[in-house]
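FYI, side chains are in, hydrogens and waters are out, and symmetry mates aren't considered; it's all heavy atoms of this structure. Each chain gets a letter, A, B and so on, in the order the sequences are listed, and its residues count up from 1.
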Protein chains: 2
Amino acid sequence: MQQPTPRQQQVYDFIADYQQQKGYAPSLQEIAAHLKIHGNLGVMRHLQALEKKGLLHRTAGSSRGIVLCGQAQSLRLPVLGRVAAGNLSLAFEELEGYLCVDPSLVHGEKSFALRVKGDSMIEAQIAPGDLAIVRPQASADNGDIVVAMRNGEATLKRFFREKDHIRLQPANSRLMPILLYPADGEVQILGKVTAIVRTLA
Amino acid sequence: MQQPTPRQQQVYDFIADYQQQKGYAPSLQEIAAHLKIHGNLGVMRHLQALEKKGLLHRTAGSSRGIVLCGQAQSLRLPVLGRVAAGNLSLAFEELEGYLCVDPSLVHGEKSFALRVKGDSMIEAQIAPGDLAIVRPQASADNGDIVVAMRNGEATLKRFFREKDHIRLQPANSRLMPILLYPADGEVQILGKVTAIVRTLA
DNA sequence: GCTGATAGTTACTTTATAATAACTATCAGC
DNA sequence: GCTGATAGTTATTATAAAGTAACTATCAGC
């Protein structure tokens, strides 16, 4: 977690105070007024900086859509035993319950927690039984860990876009990578893993 | 406090769910959409009724200015960069911030989150940079993962009580176990790891 | 049958709020 | 002197969201 600049800290503190006192986050102009900033662009950039540093989370286009990380507040995600995918619509199967997590673990709308089944990512320190926090998205950046749907089974793999195909690389030396060519649509990316939560004992 | 009608209860429940999941309250139109009400006047009157019955509080003219009365909170743990231990009193050093977690990850009072430093537990799928949720306790059961203080450094080890000593076993084949005899008090158990939280990307 | 509380609809206006464009200023580090 | 990060201003636009008017419908209780 990066440290904010003093000015950014002021912004953060005001949001925390306001949230604590009123029960919801301030609008950009309210922040601007308090910090004696004329216009909200300055505020916007402070928020962008704070978000990049992982101190808060924002929902674009949503008024007062600011959630501070590490405050007495958390997001409630559904915990799924498995995922099934009919073309990008995630079916919530085997709903195990709900998990409250810090906003810093969640990056985006409609995230959910998926119970990890196999040991395909064991060498990336992801074990069966762990909960993977997943943000639904159809593609990813190189090196991201994604949830891939294959033969009706959801598995975790590392995502690499190469010359004319996509490589889904397990973190398990006993397993082979999957090469995915545009033609065969048998594999589908359901989302990106943004965090791991494991309960011991 | 008056009881809401069934329909009003639905409105209230949706707001509670939304608030929990997203971290802020829904807009009138979002409520309307969810309850399949066309237009937001209907919603407005439900909110007015709920407010009159003392179940929530609204700020006029403020978007998402809904605050529910009497909602439960989740647990907020301090995140420490390291721990130092003067006889069982944990000093909160290098406070990185706070992490909100589900009560299911925390087992006991005064738990905290510790940033994992080395790779002593790498084969137990605990990597450097992970956050270990720790419940302070001076002993443990066989097989538990504990935070042990040694030479001023906190490390994670697996705990085993054997004949006349305690064995602190790393999950890393390159590291040797530590044998701890009652006489030498050079190693101290600070607590037990109850959960692991990792942020990716 | 009347009344009042509850519940809903369509259409609209107003305001709150977020987002963008096009600038300037300061400061640290190379 | 150049660059990039930080910080700020004025202005404008787009959209999110709250609020209002004018209706209808159902149901419980008197």
Would you say [X] places a side-chain N or O within less than 4.0 Å of OP1 or OP2 belonging to [N]?
X	N	answer
B/Ser63	D/dT15	no
B/Arg7	C/dG8	yes
B/His46	C/dT6	no
B/Gln29	D/dA18	yes
A/Ser62	D/dA16	no
B/Arg58	D/dG19	yes

From the list [options], which nucleotide is the closest neighbour of the side chain of [X]?
X	options	answer
A/Leu28	D/dT10, D/dG19, C/dA18	C/dA18
B/Leu41	C/dA19, D/dT20, D/dA17	D/dT20
B/Ser27	C/dT6, D/dA18, D/dT6	D/dA18

Within the 4.0 Å heavy-atom criterion, would you say [X] contacts the bases, only the backbone, or no part of the nucleic acid?
X	answer
A/Gln8	sugar-phosphate
B/Arg45	base
A/Ala60	sugar-phosphate
A/Gly61	sugar-phosphate

Quick test of your reading: applying salt bridge (Lys or Arg N to Asp or Glu O under 4.0 Å), list the pairs with at least one residue in residues 13-22 of chain A, sequence neighbours left out, ordered by first then second residue.
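As it turns out, there is no salt bridge (Lys or Arg N to Asp or Glu O under 4.0 Å) pair with a partner in residues 13-22 of chain A once direct neighbours are skipped.
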Whether the B/Lys192 and B/Thr194 side chains hold a donor-acceptor pair (N or O, under 3.5 Å, no angle test) is what I'd like checked.
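On atom types as modelled, these side chains do not qualify, holding no pair under 3.5 Å.
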Whether the A/Gln10 and A/Arg7 side chains hold a donor-acceptor pair (N or O, under 3.5 Å, no angle test) is what I'd like checked.
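Side chains of A/Gln10 and A/Arg7: pair found under 3.5 Å.
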How many Å lie between [atom1] on [X] and [atom2] on [N], as a whole number?
X	N	atom1	atom2	result
B/Asn40	C/dA11	CG	P	14 Å
B/His38	D/dA22	NE2	P	23 Å
A/Gln9	D/dT6	CD	P	15 Å
A/Met44	D/dT15	CE	C1'	13 Å

Which residue, A/Lys36 or B/Thr59, contacts DNA chain D at a nucleotide closer to its 5' end, judged by nearest heavy atom?
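Result of the comparison: A/Lys36.
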Beyond-backbone contact of B/Gln137 with B/Val146, side-chain heavy atoms, under 4.5 angstrom:
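Heavy-atom side-chain distance check fails, nothing below 4.5 Å.
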Measure from NZ or CZ of B/Arg64 to the centre of the six-membered ring of A/Tyr24 and say whether it is under 6.0 Å with the direction within 45° of the ring axis.
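Verdict for A/Tyr24: no cation-pi partner in B/Arg64.
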Answer yes or no: is there a donor N or O on one side and an acceptor on the other, between the side chain of B/Ser120 and the main chain of B/Leu156, under 3.5 Å?
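Looks like yes, one N/O pair under 3.5 Å.
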Given 3.5 Å as the limit, does a donor-acceptor pair link the side chain of A/Arg135 with the main chain of A/His107, or not?
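The answer is yes, because a donor-acceptor pair under 3.5 Å joins these two groups.
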Based on the rotation axes of five pairs at each end, what angle does the helix from C/dG1-D/dC30 to C/dC30-D/dG1 bend through, to 10°?
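The angle, to the nearest 10 degrees, is 30°.
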